[in-house]
Amino acid sequence: MRWLTVVLLLLALLSSSCSFVSQGKGKIAVVDWNKILEAHPDQVRLRRMKEEYSLLLKKRQEQEARGRAHLSDLDKLRQLRETSHRSYLSADLLAQLTERQTQEEMALAAREAAVAAAVEQELASRRQAVEEKYALPLFNLRLKREGLHLKPDEEKAVRDELNRVLLERDRERQAVDAEKQRFVAERIRPERQAMQERLLAYARELRAGMEGSLDKLAREDKARFQQGPESFQVLLGSVDRELDKRQQAIETLEADMKSDVAGIVTKLAREKGYTVVFYKYKANISADDITQPVLRDLQQLASKRKLADGLRRRTAPTAAAQGTSK
């Protein structure tokens, strides 16, 4: 990661870099780091995590104030902890399920491509037969139209006949394509069904684990809160740990987002031969602005996130129904 290290050190070495640039050495680029980070597909999730963190922190403070005055409010704080823990476990469940489904979909897509290639080989003779069937009639009609001096009504008749033959050929081509799609769908259907069954089983397994964790937490909290004021302090500590966990998750996501952007910038710098990439600068330096290329590469990451979210939305209701039926 030598390139990445060099890029990240540029802001600290801005003065010496300006001297380097002024001597005409190297190929220089600049990128709007903040703009790209703001366009990162995980920005929405990051803001939501921060809002949830702030909401949990606010509720913790409110509950602490009431709890110190009224120990009877301990049960409400227990419910808050349970809700927070359920939210965290649910998010983790969805993340694991999305990752597994993405892997399954990629494997199925590769298998479907292989099946389509095999079917295409099987239908190759039919496609060739269609082309050969119409090759000579089309050739003769075109030759007649272009090589003979026809009267207007004769030329129109030839043109109409040519269009009719072309239309028939296209219909036969489309029939072969439709048959190919049907063959592929029939052969891939059992594998798709098996994939869905595996995902449902995995979702049930995750749901059972989550409910078991919640049941264990509820039993522990019930015994703990029976101990009175000491339990109140223990509960506050558990909420604080939950807050720490969420803060760590926020910091990890922010670091991952920065790593994504730095990786894209580094890749472009290597491909385009840039010696120095400034994330921001004030000196009068002539440099290529690569913000838009970086944003375009980032869109590819956004597409992957969108696909993952779509898979999550399709599987989450089914997984929830399976968990309820149990």
Side-chain angles (χ1 to χ4, degrees), residues 39-53 83-119 180-217 242 245-246 248-261 263-264 296-326:
H40 195 286
D42 282 338
Q43 272 292 349
V44 174
R45 184 156 65 101
L46 179 62
R47 285 193 289 268
R48 184 176 67 249
M49 290 172 65
K50 289 182 176 180
E51 290 171 358
E52 291 175 352
Y53 175 87
T83 300
S84 174
H85 195 62
R86 179 180 292 275
S87 175
Y88 183 83
L89 290 177
S90 296
D92 185 60
L93 181 151
L94 290 176
Q96 293 183 65
L97 190 58
T98 296
E99 181 180 4
R100 176 66 64 87
Q101 183 155 0
T102 299
Q103 295 172 353
E104 291 278 5
E105 289 283 358
M106 291 176 63
L108 184 64
R111 175 58 184 155
E112 188 170 357
V115 170
V119 171
K180 175 184 176 180
Q181 294 176 3
R182 181 172 60 83
F183 284 165
V184 171
E186 289 176 354
R187 296 180 188 183
I188 208 69
R189 186 179 297 113
E191 297 184 39
R192 185 177 297 278
Q193 179 65 30
M195 179 197 74
Q196 293 172 348
E197 291 175 357
R198 288 194 300 272
L199 288 173
L200 288 175
Y202 186 57
R204 287 193 292 267
E205 177 186 343
L206 293 177
R207 175 67 63 175
M210 186 183 91
E211 294 300 332
S213 177
L214 290 172
D215 289 343
K216 179 181 178 182
L217 178 71
E242 181 70 24
K245 183 186 299 183
R246 287 173 177 251
Q248 183 178 2
I250 289 172
E251 292 173 356
T252 299
L253 180 57
E254 288 178 332
D256 289 343
M257 291 166 60
K258 292 176 181 177
S259 178
D260 288 342
V261 176
I264 293 173
R296 284 195 297 269
D297 285 359
L298 194 60
Q299 287 303 314
Q300 297 180 1
L301 183 61
S303 298
K304 295 179 181 178
R305 296 288 194 273
K306 185 177 180 180
L307 173 62
D309 289 342
L311 296 174
R312 175 180 59 79
R313 285 193 294 270
R314 289 203 300 272
T315 57
T318 305
Q322 293 292 336
T324 303
S325 65
K326 292 187 69 177

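Residues take their numbers from the sequence shown, with the count starting at 1.
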Enquirer: For a quick test of reading the model, state the closest non-hydrogen atom pair linking Ile264 to Asp297 and the distance between them.
Expert: CG2-CB, 3.6 Å
Enquirer: Tell me whether Thr252 contacts the main-chain N or O of Gln248 through its side chain, where contact means a donor paired with an acceptor under 3.5 Å.
Expert: yes
Enquirer: Looking at residues at least two apart in the chain, or sitting in another chain, which of them share a side-chain hydrogen bond (donor to acceptor under 3.5 Å, both in side chains) with Gln43?
Expert: none
Enquirer: Restricting to side-chain contact (heavy atoms from CB on, under 4.5 Å), what partner residues turn up for Gln193, sequence neighbours left out?
Expert: Gln196, Glu197
Enquirer: Once rounded to the nearest 0.5 Å, what's the spacing between atom CD of Glu251 and atom CE of Met49?
Expert: 10.0 Å
Enquirer: Of all residues at least two apart in sequence or in a different chain, which pass the side-chain contact (heavy atoms from CB on, under 4.5 Å) check with Ala107?
Expert: none
Enquirer: Taking only residues two or more places apart in sequence or in another chain, which ones pass side-chain hydrogen bond (donor to acceptor under 3.5 Å, both in side chains) with Arg182?
Expert: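 Scan of Arg182 (side-chain hydrogen bond (donor to acceptor under 3.5 Å, both in side chains), adjacent residues dropped) gives Glu186.
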Enquirer: For Ser213, what residues pass the side-chain contact (heavy atoms from CB on, under 4.5 Å) criterion, not counting sequence neighbours?
Expert: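 Applying side-chain contact (heavy atoms from CB on, under 4.5 Å) to Ser213 gives His85, Leu89.
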Enquirer: Are the side chain of Thr102 and the backbone N or O of Thr98 linked by a donor-acceptor pair below 3.5 Å?
Expert: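 Indeed, once roles are kept as given, a pair shorter than 3.5 Å links the two residues.
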Enquirer: Test of understanding: with salt bridge (charged side-chain N to carboxylate O under 4.0 Å, His left out), list the residues that count as partners of Lys258, not counting sequence neighbours.
Expert: none
Enquirer: Could you pull out all residues at least two apart from Glu105 that satisfy side-chain hydrogen bond (donor to acceptor under 3.5 Å, both in side chains)?
Expert: none
Enquirer: Roughly how far, to the nearest 0.5 Å, is NE2 of His40 from CZ of Arg45?
Expert: 9.0 Å
Enquirer: Kindly write out the residues that satisfy salt bridge (charged side-chain N to carboxylate O under 4.0 Å, His left out) with Arg48, not counting sequence neighbours, or none if the list is empty.
Expert: none
Enquirer: Residues two or more places apart in sequence or in another chain: which of them pass salt bridge (charged side-chain N to carboxylate O under 4.0 Å, His left out) with Glu205?
Expert: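 With neighbours one apart ignored, the set is empty.
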Enquirer: Sorted by first residue and then second, give each salt bridge (Lys or Arg N to Asp or Glu O under 4.0 Å) pair with at least one member in residues 86-100; sequence neighbours left out.
Expert: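 Sorted result for residues 86-100: Arg86-Glu211.
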Enquirer: Got a second to check how far Arg192's CZ is from Arg111's CZ, nearest 0.5 Å?
Expert: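 One gets 13.0 Å once the value is rounded to the nearest 0.5 Å.
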Enquirer: Working to the nearest 0.5 angstrom, can you tell me the gap between Leu199 CG and Gln101 CD?
Expert: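 Result: 5.0 Å between the selected atoms.
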Enquirer: Please name all residues satisfying side-chain hydrogen bond (donor to acceptor under 3.5 Å, both in side chains) with Glu104, sequence neighbours left out, ordered by chain then number.
Expert: Arg198
Enquirer: Distance check, rounded to the nearest 0.5 Å: Glu242 atom CD versus Tyr88 atom OH?
Expert: 7.5 Å
Enquirer: Measuring from Ile250:CD1 to Glu52:CD, what's the distance to the nearest 0.5 Å?
Expert: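 One finds 8.5 Å between CD1 of Ile250 and CD of Glu52.
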Enquirer: If you compare all heavy atoms of Ile188 against all heavy atoms of Leu108, which two are closest, and at what distance to 0.1 Å?
Expert: CG1-CD1, 3.9 Å
Enquirer: Do Ser84 and Lys245 have side chains that get closer than 4.5 Å, going by heavy atoms?
Expert: no
